[in-house]
Structures are given as structure tokens and as C-alpha cells.
Amino acid sequence: MRKLLPHNIDNVRLALDLDGIASRHGLRVQDVTVQTSAEASSQGRIAQDSGPVDSVVISFSVVSQYPNFVAFLKDLEKSLRIVDVVSLSFTTKQGGALAEYDVSVKTYWLK
């Protein structure tokens with residue numbers, strides 16, 4: 001249960017978990033940024049919720065071939081931590097063989 005909905009947010013552990021899932025598919029997580037719901041609220045992006053659960057958005061990029069990226073997303077979906085993909089974009093590289101995927105995921109924790 002602590003993995004599913006932890007009592008605090010450990011940004012380093014979360015980044016390491018993402019990197020661990022990515023490494024199983026030969027991917028390397030790069031350019032990790034973390035934004036709490038309070039930070040997003042202060043920038044006018046989302047409304048502040050006073051409920052018992054808070055969230056954090058982690059943005060990162062990976063360079064991969066499409067099949068490896070899809071396998072990474074499937075493993076992320078099966079992980080114990082609740083994770084919602086909130087944005088995904090890509091840019092092709094090397095004549096279309098590789099792409100750089102920019103991903104933002106939202107995860108939750110108990111206040």
C-alpha cells in the first residue's frame with residue numbers, strides 16, 4: 001500500500017523508479033523535472049485541492065525506438081505506483097529510426 005499511495009513524496013526515489021523501469025528496455029531517463037500541485041496552482045495551471053491526496057507531475061524525456069518506448073509505457077502502467085500520463089510528445093531522429101519522447105506523468109501521495 002505504501003508503494004501504491006505513499007505518505008510522502010520522495011522525488012529521488014520516484015526518479016529512480018522511473019529510471020529502473022526504463023533501463024529494463026534499454027532507455028535512459030533524461031531531463032527530469034518535478035512540479036507539485038501547489039507549484040502548478042501558483043502558476044494558474046490547476047486549482048488547489050484541499051483533499052487528503054496530493055499530486056506531483058514528473059516530466060522527463062527518453063530516446064528510443066517506438067517498440068521499446070511502448071514496452072516502457074506498458075511496464076509503467078503495471079507498476080504498483082498510481083501513475084497517469086498527462087502529456088506525451090515526440091520528435092523523430094536519425095531518419096525516423098529513433099525518436100525523443102517527452103513525457104509528463106502525474107502520481108499521487110497522501111498529505
Side-chain angles (χ1 to χ4, degrees):
M1 282 302 289
R2 287 186 194 128
K3 180 91 170 177
L4 181 68
L5 195 58
H7 289 284
N8 61 4
I9 190 69
D10 181 354
N11 298 341
V12 174
R13 170 59 48 205
L14 190 52
L16 289 173
D17 287 347
L18 285 172
D19 194 50
I21 294 170
S23 68
R24 290 195 296 252
H25 302 285
L27 309 178
R28 197 176 111 231
V29 173
Q30 304 171 31
D31 305 325
V32 177
T33 60
V34 178
Q35 184 176 42
T36 65
S37 60
E39 291 169 341
S41 177
S42 70
Q43 295 174 1
R45 292 188 183 162
I46 61 173
Q48 182 74 13
D49 184 14
S50 61
V53 177
D54 206 349
S55 63
V56 64
V57 174
I58 296 124
S59 301
F60 59 92
S61 63
V62 294
V63 176
S64 173
Q65 293 178 338
Y66 180 73
N68 293 348
F69 180 71
V70 170
F72 163 70
L73 286 180
K74 286 181 181 180
D75 277 359
L76 187 61
E77 176 184 30
K78 294 175 188 174
S79 72
L80 290 179
R81 184 181 290 269
I82 298 172
V83 177
D84 296 325
V85 175
V86 293
S87 74
L88 172 66
S89 62
F90 67 94
T91 307
T92 60
K93 295 181 170 226
Q94 295 182 1
L98 291 176
E100 180 175 356
Y101 297 92
D102 296 314
V103 183
S104 292
V105 296
K106 185 182 220 180
T107 189
Y108 307 89
W109 56 283
L110 291 174
K111 289 183 181 177

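Note that the structure is a prediction, hence the values are computed from the model and not measured.
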Show the nearest heavy-atom pair for residues [X] and [Y], with the distance to one decimal.
| X | Y | value |
| --- | --- | --- |
| Ala15 | Val32 | CB-CG1, 4.4 Å |
| Val86 | Lys106 | CG1-CB, 3.8 Å |
| Tyr101 | Ser64 | CE1-O, 3.6 Å |

ask   = So, do Leu88 and Asp102 sit near enough that their side-chain heavy atoms are less than 4.5 Å apart?
value =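 No. Closest side-chain heavy atoms not under 4.5 Å.
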message = Contact between Thr33 and Ile58 at the side-chain level, heavy atoms closer than 4.5 Å - yes or no?
response =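 No; the side chains remain at least 4.5 Å from each other.
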Going from [atom1] on [X] to [atom2] on [Y], what distance comes out if it is rounded to the nearest 0.5 angstrom?
| X | Y | atom1 | atom2 | result |
| --- | --- | --- | --- | --- |
| Ser79 | Lys74 | OG | NZ | 15.0 Å |
| Leu27 | Leu18 | CG | CG | 11.5 Å |
| Asp19 | Gln30 | CG | CD | 10.0 Å |
| Leu98 | Asn68 | CG | CG | 9.5 Å |
| Ser104 | Asp84 | OG | CG | 12.0 Å |

request  = Please check if the side chain of Thr107 supplies one atom and the backbone of Ile82 the other of a donor-acceptor pair under 3.5 Å.
outcome  =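 A pair under 3.5 Å: yes.
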request  = Report the relative orientation of the aromatic rings in Phe72 and Phe60; use parallel for angles under 30°, tilted for 30 to 60°, perpendicular for over 60°.
outcome  =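 Rings of Phe72 and Phe60: perpendicular, as their planes differ by over 60°.
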task = Go through Ser59 and Val103 one step at a time and tell me if the side-chain contact (heavy atoms from CB on, under 4.5 Å) criterion holds.
result = CA-CA 6 Å; Ser59 301; Val103 183; over 6 Å; no
query = In terms of hydrophobic clusters joined by side-chain contacts under 4.5 Å, are Val70 and Val63 together?
reply =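 As far as the 4.5 Å side-chain criterion goes, Val63 and Val70 are not connected within one cluster.
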message = Would Leu14 and Val34 count as a side-chain contact (heavy atoms from CB on, under 4.5 Å) here? Give the steps.
response = CA-CA 10 Å; Leu14 190 52; Val34 178; over 6 Å; no
Partner set under salt bridge (Lys or Arg N to Asp or Glu O under 4.0 Å) for Asp75, not counting sequence neighbours =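 Listed in chain order: Arg24.
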request  = Please identify each residue that fulfils salt bridge (Lys or Arg N to Asp or Glu O under 4.0 Å) with Lys93, with sequence neighbours left out.
outcome  =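 Once residues adjacent in sequence are excluded, the partners of Lys93 under the salt bridge (Lys or Arg N to Asp or Glu O under 4.0 Å) criterion are Glu100.
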